[in-house]
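All remarks here apply to the structure that follows.
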Amino acid sequence: MKESLMDIICCPMDKHDLELEVDDRNDEEVLAGTLVCTECGERYPIEDGIPNLLPPDMRD
Amino acid sequence: MSDDRSPPTDDRPHADDGRSRGSAGDDRSRKRTTAESFGRAAEAYFESSVHREGDDLDRIGSWCADANRALDVATGAGHTAGAIAAAGVPTVVAADISPEMIDTAATAYDGVLGVVADAERLPFADDSFDAVACRIAAHHFPDPEAFVAEVARVLSPGGVFAFEDNVVPEDERLATFLNGIERLRDPTHVRHRSVSRWRGWFADAGLSVRESSVANLPIEYEPWVERTSVPPDRRRELEARFAGAPDAAVDLFEIETDADGVRSFSIPKALIEATAEE
């Protein structure tokens, strides 16, 4: 996930901003980490460089 | 704008088109009238001419070409996102409910940014995009009204919504026929909606239609049922539905049969360009 995406992504539930927690990255993008909603605290994973922003009721 | 333009189903006078009618009586004539008036209404309804096969992707690309940042909802393998990037849009975000699809799309089209997301609850801030596209996917969405409202929310004022999907005629019986066969072929099929339903949802969300057209998407029957591995019992039911199709459905969906059964038919699809309120 390119960090520039942080400008536009938000929590799908309450549309509040997300905070980025990085576990692994390279020069270009975040490869693994978590996006945390600053309002409701819901956590969204970044896996293989792709953010999964499905609402929690739609994730596995 | 008035969206109350559904085709008449009564005995409105119409020109003789030379096709068989007399012996079949009023009922048959009425069904034909329904099909023909849908065709006429559709023509009158839509400003532009019918688009050619394959044109749609170019058209969507050109509608989105002036955007700085575009979103493709339910991107699938990423064809539409790729076409928008190829049209010169610097930032293209591709969203899909399936992580595998997003992986495919982001790998196939360099520079396309993938996000796993639900079309009805988009994870993007208000006014994030100057163009949003959604191509032949919305019939999978259970709540299209929520989807359209989300598109309007993430579009900046004056932004473009490029939309394409299969649609049903306004006539209830013909709509039920098409959705019925789609569901037999693919039980995950939700529903094709009519153009007037879509236009109503667009209007409610503050999206005004700038251009729209309908075209028939031709379907070869055998590959179509093979793609979803339709089991034998449902295949028999499908073939029975086609064999018993009302005349108006045979006309409108261009159902072609031979001794072996159904050979081909067509599904109408709408291509619509709308803009968000300034």
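We name chains A, B, ... by the order of the sequence lines, and we start the count at 1 in each one. Predicted model only: the values in this text are computed from it and were never measured.
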Expected contact set for residues 2-16 of chain A against chain B at heavy-atom separation under 4.5 Å reads A:K2, A:L5, A:I8, A:I9, A:C10, A:P12, A:M13, A:K15
A:P55 versus chain B, heavy atoms under 4.5 Å apart: side chain, backbone, both or neither?
side chain
Using 0.5 Å steps for rounding, measure from the CG atom of B:D118 to the CG atom of A:L53.
11.0 Å
Which residues in residues 21-47 of chain A have any heavy atom lying under 4.5 Å from a heavy atom of chain B?
none
Are there residues of residues 146-160 of chain B whose heavy atoms fall under 4.5 Å of chain A's heavy atoms? If so, which?
B:E150, B:R153
Please determine whether the number of non-hydrogen atoms from other residues, nucleotides or ligands lying under 6.0 Å from atom CD of B:E237 exceeds 12.
yes
Chain A contact residues among residues 82-116 of chain B, heavy-atom distance under 4.5 Å
B:V93, B:I97, B:P99, B:I102, B:D103, B:L113, B:G114, B:V115, B:V116
